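What follows is one structure encoded as structure tokens, with my remarks underneath.
Reminder, nothing fancy here: chain letters follow the sequence lines and each chain counts from 1. Here the structure is a predicted model, which means the values were calculated and not measured.
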Amino acid sequence: MLLSQLCKKLDIEFLQNDKQIVGLNTLQDATDDQVSFFQNKKYKDELEKTVAAAVLISKEYIDLVPSHTIALVCEEPYIKLAYASKYFAPKVIETDGNTAVVGKNSVVQNNAFLGKNTTIGSNTIIMANSTIGDNVKIGNSCIIYPNVTVYRDCIIGDNTIIHSGAVIGSDGFGFATDKAGNHIKIYQNGNVIIGDDVEIGANTTIDRAAFTSTIIEDKVHIDNLVQIGHNCVIKKGSVIAAQAGLAGSCNLEQYVVMGAQSGSVGHITIAPFTTISARGGVTKTITTPKKQWAGFPLMEHRTWLRLQGKIQKLLS
Amino acid sequence: MLLSQLCKKLDIEFLQNDKQIVGLNTLQDATDDQVSFFQNKKYKDELEKTVAAAVLISKEYIDLVPSHTIALVCEEPYIKLAYASKYFAPKVIETDGNTAVVGKNSVVQNNAFLGKNTTIGSNTIIMANSTIGDNVKIGNSCIIYPNVTVYRDCIIGDNTIIHSGAVIGSDGFGFATDKAGNHIKIYQNGNVIIGDDVEIGANTTIDRAAFTSTIIEDKVHIDNLVQIGHNCVIKKGSVIAAQAGLAGSCNLEQYVVMGAQSGSVGHITIAPFTTISARGGVTKTITTPKKQWAGFPLMEHRTWLRLQGKIQKLLS
Amino acid sequence: MLLSQLCKKLDIEFLQNDKQIVGLNTLQDATDDQVSFFQNKKYKDELEKTVAAAVLISKEYIDLVPSHTIALVCEEPYIKLAYASKYFAPKVIETDGNTAVVGKNSVVQNNAFLGKNTTIGSNTIIMANSTIGDNVKIGNSCIIYPNVTVYRDCIIGDNTIIHSGAVIGSDGFGFATDKAGNHIKIYQNGNVIIGDDVEIGANTTIDRAAFTSTIIEDKVHIDNLVQIGHNCVIKKGSVIAAQAGLAGSCNLEQYVVMGAQSGSVGHITIAPFTTISARGGVTKTITTPKKQWAGFPLMEHRTWLRLQGKIQKLLS
């Protein structure tokens with residue numbers, strides 16, 4: 001789409017040199033054919049370094065926009081982003097494209113559905129009533145149990161097991177709320193990438209990224225009924241127990257353990273080999289590796305134990 | 001069914017003028033061809049105002065029954081209600097009825113199932129392996145992602161998106177427990193009504209009402225793995241984040257926000273523009289609008305912050 | 001498989017008399033044609049009483065092994081167990097076997113899938129897009145709503161209702177973690193056995209046992225989005241509300257009530273007629289029946305109420 005066309009749809013004045021653009025992205029990840037947005041002063045550094053073709057921005061900040069990036073001046077940049085996202089959303093269902101290709105020795109049971117342009121490796125089993133969307137890649141020696149859904153464009157590695165009812169690639173919970181209180185959907189145009197030797201539990205949900213990818217690295221083990229928000233990155237060997245939930249853009253470093261019914265706010269990083277006890281609620285970034293944490297708000301596990309002692313005393 | 005027939009099934013003496021009845025309902029909502037019940041003195045006012053054809057009631061309260069309503073005297077009215085509910089339950093599967101009608105430009109993917117007497121509007125997509133039960137109405141321009149279940153008799157408006165694995169209209173968790181400890185199922189004979197521009201997350205469950213309707217109004221956004229109990233009413237523009245849970249008969253006024261992993265007891269109302277922080281547990285009705293609450297039991301968010309300060313001091 | 005063959009696969013020296021073995025099991029449950037393991041001194045008594053054919057054990061404990069049991073000496077017995085479990089795993093899909101047998105007056109809707117050697121009783125309904133795996137037995141007068149998954153080898157009694165999206169028999173969350181941090185999957189070779197008159201809510205997950213059976217006894221009621229870990233035993237008449245979670249090997253005695261969003265650590269017993277309040281987190285065995293508990297860590301409900309009073313005072 002031409003920048004001028006996008007601006008017309010969004011009711012933004014556009015007088016600069018026109019340019020073909022292919023999508024939306026964050027300031028950090030945008031390439032020079034993508035449009036980004038600036039709403040939060042916290043990301044000033046990212047704005048100064050962005051190579052985005054253009055940025056949705058309010059008037060007061062236009063001086064911060066680098067010279068190679070076009071400022072698309074508007075009152076509520078995040079709302080405009082939400083409206084823009086719809087124009088870059090892929091089709092819900094591909095009408096054209098190739099029949100799915102299934103590798104040697106793989107089994108697709110009756111009632112399983114494979115979308116267009118999808119490829120399944122060899123020695124993989126797709127069980128009954130599972131639905132694999134368009135343009136999905138699944139590797140070798142995987143087991144997809146019954147009633148699994150993999151949304152379009154997602155990628156799954158080798159030797160990975162997905163249990164029944166799991167949903168891979170559903171839309172992240174993203175919307176911009178305008179002054180009138182209306183929630184404008186931000187179309188989630190990214191995907192989910194899952195590595196090798198991963199196991200994902202029954203009825204677990206992993207949301208697709210708003211722009212780029214939600215990533216589950218190799219050898220991650222996720223239990224049942226877990227929620228992984230959009231744009232999370234779960235690094236190698238991490239373990240997430242049942243009913244835990246991660247908000248958007250959590251970054252779990254290698255070999256993190258999240259206990260059952262634990263949770264985390266979004267946009268944080270958890271250091272390698274951290275253990276979050278059952279029910280622990282992560283409220284900010286954890287930088288020191290190999291510690292155990294508990295409680296909500298989160299504290300070191302030994303502090304939490306001390307707190308329980310204090311509470312006992314209070315009651316005696 | 002005749003009242004006399006119902007009473008015979010329930011082993012209740014019936015000597016009054018007979019009457020055709022069509023179902024069960026609460027004292028407040030019952031019409032003059034429905035039977036209600038009285039078990040809790042808290043609902044004395046509702047009893048006095050009811051227009052129900054008859055009411056299951058223990059001997060001691062019969063003087064409270066209005067003259068136009070027949071008192072069906074029994075020892076455990078709630079147990080009798082439970083037994084009665086079975087006789088008014090619709091069939092699990094309709095054997096007769098018309099083939100589903102699908103509107104212009106709508107797509108029903110392979111392996112999707114549509115029940116009898118069901119209608120799908122125009123420009124709607126029903127994806128693979130979803131099951132839409134009997135007597136369901138789905139509006140225009142909706143997207144029903146794969147592996148969704150909509151139980152019989154539910155109604156969905158226009159422009160609504162339902163993500164994979166969501167279950168709309170499953171039975172509410174209702175039973176009456178007799179003196180011997182047996183749990184007698186109360187058949188959930190109501191439905192779920194969902195408005196326009198609603199989005200429902202992956203693997204979220206919304207239970208059908210015991211009698212009338214569980215209602216999700218327009219522009220409500222619900223994230224993944226959320227539980228909405230029977231007879232809840234979620235008003236316009238409300239937002240419910242992942243893994244939150246509402247017990248039965250919660251009434252969320254307009255533009256309420258429930259944070260991730262929050263919850264609420266049943267039979268309460270939450271004032272408009274209220275925010276419940278992540279993990280907050282609502283324990284009673286909130287009457288003042290526009291406030292933020294946190295913790296369990298619930299307190300104002302700023303009080304909760306103060307409590308965290310006190311806890312820090314306790315530990316130092 | 002011969003013991004000698006298993007030892008060869010596991011790289012364990014084997015010089016004793018050979019023996020045919022059929023599977024793995026705990027010290028307590030192993031029969032004389034099964035192999036067990038000893039890792040935790042807590043189970044010394046079980047080791048002394050075991051009738052297992054052989055036991056994976058480290059050198060230092062070999063004197064504890066009974067004379068009729070062969071000591072399979074190795075450095076990390078639990079890791080060896082994990083590797084061994086794979087050799088006893090049943091096929092993911094049976095390729096041979098009989099077409100499912102469906103009893104009188106039962107209905108299997110279109111798009112439902114029945115595995116090999118599976119039997120469905122009479123008057124049972126299997127709704128659209130449900131998947132019943134191989135070698136499953138479902139009794140009479142059951143209702144299996146749409147999009148349910150029952151994994152292979154599970155057994156379901158009579159008059160039992162399973163709501164949409166529920167997953168019965170998914171793998172328990174079991175693995176052994178070696179010194180390098182690798183998580184070795186313990187194949188879950190047991191099953192789930194569900195009794196009569198049980199109701200299981202939408203999108204609830206019940207994991208199969210590692211060795212023997214996860215058991216849900218008669219008249220148990222389980223709400224939506226509940227997690228039941230592997231090897232749990234839920235006794236007659238127990239009730240589990242929405243979003244509660246039980247870790248592995250919980251033993252709920254008769255008529256226990258678990259409130260919404262409650263949870264329990266694994267390997268504990270909860271006494272009959274116990275009530276765990278909403279959000280309560282069980283941290284150890286409860287031996288006295290008929291009490292109510294709350295909070296996390298768990299305390300008696302009345303103590304929890306007292307604590308809330310203390311907290312109020314702290315804030316005033």
Side-chain angles (χ1 to χ4, degrees), chain B residues 92-93 95 111-115 128-133 147-151 165-173 175 177 180-183 185 203-207 225-229 243-247 261-266 279 281 283 295-297 299 303-304 306-307 310-311 314, chain C residues 107 109-112 125 127-131 143-149 159 161-167 197 199 201-205 219-226 236-244 254-255 257 259-261 272-273 278-279 294-296 304-305 308 311-312 314-315:
Chain B
V92 176
I93 299 175
T95 43
N111 300 3
F113 182 96
L114 305 182
N129 288 317
S130 278
T131 304
I132 313 300
N147 286 314
V148 165
T149 306
V150 181
Y151 278 55
V167 177
I168 312 300
S170 42
D171 282 356
F173 198 54
F175 44 79
T177 303
N182 296 305
H183 311 300
K185 180 176 174 71
N203 285 345
T204 278
T205 57
I206 303 179
D207 282 345
L225 293 168
V226 169
Q227 154 70 359
I228 309 284
Q243 297 178 319
L246 302 177
Q261 299 184 336
S262 65
S264 179
V265 298
R279 296 254 174 121
T283 36
F296 178 66
M299 56 191 86
T303 308
W304 185 81
R306 201 148 57 80
L307 176 60
K310 296 275 184 189
I311 287 171
L314 202 68
Chain C
V107 176
Q109 277 195 314
N110 286 347
N111 299 3
I125 299 173
M127 291 180 75
N129 288 316
S130 278
T131 305
I143 304 172
I144 309 296
Y145 279 98
N147 286 312
V148 165
T149 306
N159 299 307
I161 298 171
I162 303 183
H163 284 284
S164 288
V167 177
D197 304 302
E199 186 161 4
N203 286 343
T204 279
T205 57
K219 297 173 194 292
V220 166
H221 289 249
I222 300 178
D223 202 352
N224 300 344
L225 293 166
V226 169
K236 187 182 160 186
S238 287
V239 169
I240 304 178
Q243 296 177 320
Q254 293 194 356
Y255 297 98
V257 175
Q261 298 184 337
F273 296 95
R279 296 252 175 123
F296 177 67
W304 185 82
L305 290 175
Q308 302 318 315
I311 287 171
Q312 279 312 315
L314 203 70
L315 284 166

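- Only the backbone of B:Val226 comes within less than 4.5 Å of a heavy atom of chain C; no side-chain atom from C-beta onward does.
- Counting only distance, with no hydrogens or angles, the side chain of B:Tyr151 and the backbone of C:Ser164 share a donor-acceptor pair below 3.5 Å.
- Among all heavy-atom pairs drawn from B:Asp171 and C:Glu199, the shortest one is OD2-OE2, 3.8 Å.
- Residues C:Tyr145 and B:Thr149 fail the side-chain proximity criterion, which asks for heavy atoms closer than 4.5 Å.
- Considering CD1 of C:Ile162 and OG of B:Ser170, their distance stands at 14.0 Å, rounded to 0.5 Å.
- Using a 4.5 Å cut-off between heavy atoms, C:Ile161 touches chain B through its side chain atoms alone.
- Distance CG/C:Asn110 to CG/B:Leu114: 11.0 Å, rounded to 0.5 Å.
- Both the backbone and the side chain of C:Leu315 come within contact range of chain B, judged by heavy atoms closer than 4.5 Å.
- Considering all non-hydrogen atoms of both residues, C:Ala242 and B:Gln227 come closest at CB-CG, 3.7 Å.
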Notebook entry, point to check: Given the rule in the side-chain contact (heavy atoms from CB on, under 4.5 Å) test, do B:Val167 and C:His163 qualify, once you have shown the distances and angles that lead to the verdict?
Noted result: CA-CA 9 Å; B:Val167 177; C:His163 284 284; over 6 Å; no
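- Minimum interatomic distance between C:Arg279 and B:Gly263 (heavy atoms only, all atoms of both residues): NH2-N, 3.3 Å.
- Between C:His221 and B:Phe173, the angle of the ring planes goes over 60°, which puts this pair in the perpendicular group of the 30/60° scheme.
- Per-residue counts of heavy-atom pairs under 4.5 Å with chain C were compared for B:Thr177, B:Asn203, B:Asn182; the largest is that of B:Asn203.
- When heavy atoms are compared at a cutoff of 4.5 Å, C:Ile240 approaches chain B solely by way of its backbone atoms N, CA, C and O.
- Ring-plane geometry between C:Trp304 and B:Phe296 is classed as tilted, the angle between the planes lying from 30 to 60 degrees on a 0 to 90 degree scale.
- Contact tally against chain C (heavy-atom pairs below 4.5 Å) for B:Ala112, B:Ala244, B:Gly165, B:Ser130: the top residue is B:Ala244.
- Of the possible donor and acceptor atoms, none in the side chain of B:His183 sits under 3.5 Å from a partner among the backbone N and O of C:Lys219.
- Closest heavy-atom contact between B:Lys310 and C:Leu314: CE-O, 3.2 Å.
- Annotation: maximal heavy-atom pairing with chain B below 4.5 Å, among C:Asp197, C:Leu225, C:Asn147, C:Asn111, occurs at C:Asn147.
- Judged purely by distance below 3.5 Å, without hydrogens or angles, the side chains of C:Asn129 and B:Thr131 pair a donor atom with an acceptor atom.
- Within the 4.5 angstrom heavy-atom criterion, no atom of B:Ala128 approaches chain C.
- Remark: C:Gln243 engages C:Gln261 in a side-chain hydrogen bond (donor to acceptor under 3.5 Å, both in side chains) (not counting sequence neighbours).
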